[in-house]
Peer 1: 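Please read through the structure below; I'll follow up with questions.
The structure presented is a predicted model; accordingly, all values stated were derived computationally and were not measured. Chain letters run A, B, ... following the sequence lines, proteins first, then strands; residues in each count from 1.
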Amino acid sequence: MKNQEVAAVFSVMADMLAIQGENYHRIMAYRRAAENIATLGRPLEQAWQAGELESIPGIGKTLAAKIDELMRTGRLGVYEKLQSQVPAGVVDMLEIPDVGPKRAALFWNELGITSVGALEQAAREGSLRALPGMGARSEEKVLAGIEALKRRTGRTRLGVAWPLAHAMLEALGEVPGVVRAAPAGSLRRVRETVGDLDLLVAVEDAEPAGPEAARRVMARFRELPQVAEVLLSGTTKTSIRTHEGLQVDLRVLGSARWGTALQYFTGSQAHNIRLRGLALDQGLSLSEYGLKREDGTEILCASEEEVYAALGLPLIPPELREDRGEIEAALEGHLPELIEMEDLKGDLQFHTTWSDGHQSLLDMAQAARARGLKYALVTDHSHSLGVAQGLAVEDLRRQRAEIEEVNRRMGNTFRLLAGIEVEVLADGSLDFPDHVLAELDLVVAAVHTGLRQDREQVTARMLAAIRNPHVDIIAHPTGRLIGEREGADLDMELVFHAAADTGTVLEVNAHPSRLDLRDAHVRRAIELGVKLAISSDAHDVDGFAVLPMGVATARRGWAIAGDVVNAWSMEDLLGWFVQ
DNA sequence: GCCGTTTTCGGCCCGACTGTTTTCAGTCG
């Protein structure tokens, strides 16, 4: 069984136990296990075979035994028993905003409702308002929630969420009395998709100017053009839904509490729970408003550094805050010195008008240099990728002459390297003969077609490309498009081992629709000794702007500059591939 | 159900907002 399948079983079990009114902490144990399995980065089956299940955080004897049963039989007795007790439609109701386990159980037990459709009908008939704790307003909210559920499009990609958040923050930043405005939540942790947006605004601390400014911020927020519906609005918190159906939560606090607030609203929830536990161990209670001692006195933190320092920890970068070992590493003083955008010295994939790019070699080279890069590898498509007007062998040689001309014009401030994004064909062979590839500085190989091949076939094809002595880098290894298309069904463990053996570099494609390798794969690849390239895949001069998202994805995978070949000097980079 | 240089039992983060309530439960993050 795959990680996602096991995680889904535990997640649904958590929902069912919640509906049955089970102990809250037992439910949380199932949720934590599901989360950790889903983001493990290596096959759970492998950990199972190695007898290492209990080394996974949140997996103890009981859950390890359940995983064992799932792996051996594909079934889980206690899960099937729960399924016979709690109808699937009742679990589905938890997807509705403002319907949690208590209300789902209420609707089911009191009115015999076992589906979202039946719930909608009951709400329309006015039968929910008579239930204990319910009323006409609550009934309306259930209906509105069902409507929102029907419109919902799932998680929003980073490339969409990021500009939206910054547009809203810019407007809020103009309100008089605002001191700071920043994104928090999964956007600040730079997850590849976000479920909602969390925005944080600090106003001046003075009375009554601060509270007045806070009211102005809330009013301005409710009236932003992106807002379709105000879900709730109080003095510190307002939630809205955009026309696209994305929920945006805004919190406003005094700037003296900025550190605890930013820390808290950045999350993740699992990270925060651990942090609050650490605080309690030291006789402190941590909230978004500050640290409280047992005698009730407060410690205010204006910066996140102060929050972590108060708990005896160094600042943990937002990208690591997922409770995947970062707190232990911080306690032991072993936090990695994560790669930073400033470390990048070059780019190892971009396109020009020679194939499907929109600008010339010279324009692209100048744009890359303007972003502080020292070198870039030209990687137009090879000819079999007809949709991208791929290059034929003779085009490649003419392009080489132009590359050399651009290099002469740019002098010693910048260097273009001659490369190609060569197609890996259906049988694992490459689109160009070896002697052509041998003429290039570096060769990037990519699979664009036949991604649906079965696991064995597509993995064999990828391994053939990795083992080809002319191939230096594998572009966007899985080929996934976030929210649109699953990647190829590759055996990533085999891919990583092969890449480590041959020294073949795997790309972290920085485009927000790809981010491929993804964060969990980055971490596993590094563990196995694989080197990475963070590449823009730019098709125009603005395309280099995505590089920070690639860097952030690498950081989420605990990458340091030494793991990333384009954080090295050009000499070191080229030297790596001659070995 | 997990977890432990204060514990193998007894803890397990903390607060805002809403609606239905005369003091709080449910949901959410």
Peer 1: Quote, to the nearest angstrom, the C1' distance that separates B:dT6 from B:dT23.
Peer 2: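 After rounding to an integer number of Å, I get 37 Å for this pair.
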Peer 1: How far does the C1' atom of B:dT18 sit from the matching atom of B:dG11, given to the nearest Å?
Peer 2: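 The same atom, C1', in both gives a distance of 31 Å.
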Peer 1: Which nucleotide of DNA chain B is the first, and which the last, in the 5' to 3' direction, to come under 4.0 Å of a heavy atom belonging to chain A?
Peer 2: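 Going 5' to 3' along DNA chain B, contacts run B:dG1 to B:dG29.
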Peer 1: With a non-hydrogen cut-off below 4.0 angstrom, is A:R137 in contact with a base, only sugar-phosphate, or nothing?
Peer 2: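 Sugar-phosphate contact only - A:R137 comes under 4.0 Å of backbone atoms but never of a base.
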Peer 1: For the C1' atoms, the ones on B:dC14 and on B:dG4, what distance do you get once it is rounded to whole angstrom?
Peer 2: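 Taking atom C1' in both B:dC14 and B:dG4, they lie 23 Å apart.
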Peer 1: Ignoring hydrogens and geometry beyond distance, is a side-chain donor-acceptor pair present between A:D519 and A:T553 at under 3.5 Å?
Peer 2: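 Looking only at side-chain atoms, A:T553 and A:D519 do not form any donor-acceptor pair under 3.5 Å.
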Peer 1: Taking atom P in both B:dC9 and B:dG15, what distance in whole Å separates the two?
Peer 2: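 It comes out at 31 Å once rounded to the nearest Å.
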Peer 1: CD of A:E294: more than 12 outside heavy atoms within 6.0 angstrom?
Peer 2: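 No, not enclosed.
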Peer 1: List in chain and number order the residues that pass side chain to side chain donor-acceptor pair (under 3.5 Å) with A:E170, two or more places apart in sequence or in another chain; answer none if no residue qualifies.
Peer 2: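 A:E170 satisfies side chain to side chain donor-acceptor pair (under 3.5 Å) with no other residue.
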Peer 1: Near DNA chain B, counting only heavy atoms under 4.0 Å, which residues of residues 105-131 of chain A show up?
Peer 2: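 Under 4.0 Å from DNA chain B: no residue of residues 105-131 of chain A.
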Peer 1: Once you apply a heavy-atom cut-off of 4.0 Å, does A:I27 come out as touching a base, just sugar-phosphate, or nothing?
Peer 2: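 Result for A:I27 = nothing.
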Peer 1: Is the closest basic N to carboxylate O distance between A:E288 and A:R276 below 4.0 Å?
Peer 2: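 Result for this pair is yes, salt bridge flagged.
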Peer 1: Nearest heavy atom decides the nucleotide; on that basis, is A:K102 or A:T62 closer to the 5' end of DNA chain B?
Peer 2: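 This one resolves to A:T62.
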Peer 1: Taking ring pair (Phe, Tyr, Trp, His ring centres under 6.0 Å) as the test, write out the residues that go with A:W162, two or more places apart.
Peer 2: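 Applying ring pair (Phe, Tyr, Trp, His ring centres under 6.0 Å) to A:W162 gives A:H166.
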Peer 1: Determine which pairs satisfy side-chain hydrogen bond (donor to acceptor under 3.5 Å, both in side chains) with at least one residue from residues 195-219 of chain A, sequence neighbours left out, and list them in order.
Peer 2: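 Sorted pair list: A:D205-A:S255.
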Peer 1: For B:dT7, measure the glycosidic angle (O4'-C1'-N9-C4 for a purine, O4'-C1'-N1-C2 for a pyrimidine) and name it syn if it falls within 90° of 0, otherwise anti.
Peer 2: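 Glycosidic conformation of B:dT7: syn.
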Peer 1: Need to verify one output field. Residue with the more 5' nearest nucleotide on DNA chain B, A:K66 or A:H25?
Peer 2: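 Whichever sits nearer the 5' end wins; that is A:K66.
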Peer 1: Using a strict cut-off of less than 4.0 Å between a Lys/Arg side-chain nitrogen and an Asp/Glu carboxylate oxygen, indicate whether A:R137 and A:E140 qualify as a salt bridge.
Peer 2: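 Yes, this pair counts.
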Peer 1: When you compare B:dC17 with B:dT21, how far apart are their C1' atoms, in angstrom units rounded to a whole number?
Peer 2: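 Going atom to atom, C1' in each nucleotide, I get 15 Å.
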Peer 1: Between B:dC2 and B:dT8, how far apart are the C1' atoms? Round to whole Å, please.
Peer 2: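 It works out to 12 Å between them.
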Peer 1: Could A:K2 and A:E5 be called an ion pair, given the rule that one side-chain N must be under 4.0 Å from one carboxylate O?
Peer 2: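 No, this pair does not count.
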Peer 1: Using the C1' atoms only, state how far B:dT20 lies from B:dG26, rounded to an integer number of Å.
Peer 2: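 After rounding to an integer number of Å, I get 11 Å for this pair.
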Peer 1: Name all residues meeting the side chain to side chain donor-acceptor pair (under 3.5 Å) criterion together with A:Q269; count only those two or more places apart in sequence or in a different chain, and write none if there are none.
Peer 2: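 In terms of side chain to side chain donor-acceptor pair (under 3.5 Å), with neighbours along the sequence ignored, A:Q269 is linked to no residue.
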